[in-house]
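Bear in mind the structure is a predicted one, so any value in this text is a computation, not a measurement.
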Amino acid sequence: MNRISAIKIAPSILAADFARLADAVAEAEAAGADAIHVDVMDGQFVPNITVGIPVVAALRRITRLPLDVHLMIVQPERHIRAFAEAGANYLTVQVEACVHLHRVLQTIRSLGLRAGVALNPATPPVMISQVLNDIDLVLVMTVNPGFSGQTFIPGMVAKIAEVRRMLDEAESLAELEVDGGINPQTAPLVVRAGARMLVAGKAIYGAREGVAAALRALRQAAERELEAVLFGKESQVPVIS
Ligand code: DX5
Ligand code: ZN
């Protein structure tokens, strides 16, 4: 049930049951997900350890959806080629983990992948000001990376808006993605601020109503707000603080 929408939703399999990953991906694909978000953690850049290259390769065999691979690892440059060969479509590195960010982005692009940069909550947008034309995606973390199920940090809304301004001023076509605590309540806030690609773990895989209904609810909340933005209407959602 794929459809054209200005909002992309990328379910994060970190919140799925790893013992039945293929089913989790198939469910998301059938429900109209736009990409599958894969959280790679090394126990160094973040406290948690998750999955790596073999799991990306396995997922590549079972889905046609783009694999949106989020590297929360130190020295990501050591593994770019392997993730590319495993079948990643988007490869996003944390700006804090890159000494030579420009080179890392060039390497990712040279392998034919979309190059993304993620910013931790404490990292200011200026950190990417010199690479705006070298990126295909900016990921604003709306929680501190490491775990699914954390609470959205409201202060990130202003940062998303600032990144949006920077991208527009640079006439960049890079996608603006958000990740952490995204659900039907927080989605309108980030969409109004300029995000168009939403990662969601718990809100999709932890939903009592099931993956399809949860994805539908998230998309509806995001699209309704986007429509309000485009038609100059005020937000329908209460401000959270
Ligand atoms: C957090 C990860 C996220 C996480 C999101 O470190 O980067 O992708 O899975 O999970 P939720 O949506 O549950 O906050
Ligand atoms: Zn992530």
> Do R192 and E234 meet the salt-bridge criterion of a basic N to acidic O distance under 4.0 Å?
Replying inline: no
> Do the charged groups of D34 and R196 touch, with an N to O distance under 4.0 Å?
Replying inline: no
Sub-3.5 Å donor-acceptor pair from the side chain of [X] to the main-chain atoms of [Y], do we have one?
X	Y	value
R109	I135	yes
Y205	A24	yes
E171	D168	no
N120	A122	no
D42	F45	yes
T107	R103	yes
D136	A174	no
R64	E29	no
Q94	I73	no
K159	P125	no

> According to the salt bridge (Lys or Arg N to Asp or Glu O under 4.0 Å) rule, which pairs have a member within residues 75-98, sequence neighbours left out?
Replying inline: none
> Which pairs count as salt bridge (Lys or Arg N to Asp or Glu O under 4.0 Å) when at least one residue sits in residues 111-125, sequence neighbours excluded?
Replying inline: R114-E175
[X] and [Y]: same hydrophobic cluster, using ILVMFWY side-chain contacts below 4.5 Å?
X	Y	answer
I204	L59	yes
V199	F18	no
Y90	V138	no

>> I need the single residue from L139, V104, T92, L105 that forms a side chain to side chain contact (heavy atoms under 4.5 Å, CB included) with V117. Which is it?
In response: L105
> Do you know which two heavy atoms are closest between A207 and A214, and how far apart they sit?
Replying inline: CB-CB, 3.4 Å
>> Restricting to non-hydrogen atoms, name the atom on A16 and the atom on L21 that form the minimum distance, rounded to 0.1 Å.
In response: CB-CD1, 4.5 Å
>> Does M41 form a side chain to side chain contact (heavy atoms under 4.5 Å, CB included) with F147? I'd like the steps, not just the answer.
In response: CA-CA 10 Å; M41 305 187 188; F147 304 93; over 6 Å; no
> Among side-chain atoms of S12 and D39, is any donor-acceptor pair under 3.5 angstrom?
Replying inline: yes
> Which other residues belong to the hydrophobic cluster containing V229, where Ile, Leu, Val, Met, Phe, Trp and Tyr are joined when side-chain heavy atoms lie under 4.5 Å apart, directly or via other members?
Replying inline: none
>> Could you go through E169 and R164, starting from their C-alpha distance and side-chain angles, then the distance that decides it, and tell me whether this counts as salt bridge (charged side-chain N to carboxylate O under 4.0 Å, His left out)?
In response: CA-CA 9 Å; E169 264 168 36; R164 177 82 268 161; over 6 Å; no
> Can you list the steps and then say if R60 with N89 is a side chain to side chain contact (heavy atoms under 4.5 Å, CB included)?
Replying inline: CA-CA 10 Å; R60 181 70 295 154; N89 300 93; 2.8 Å; yes
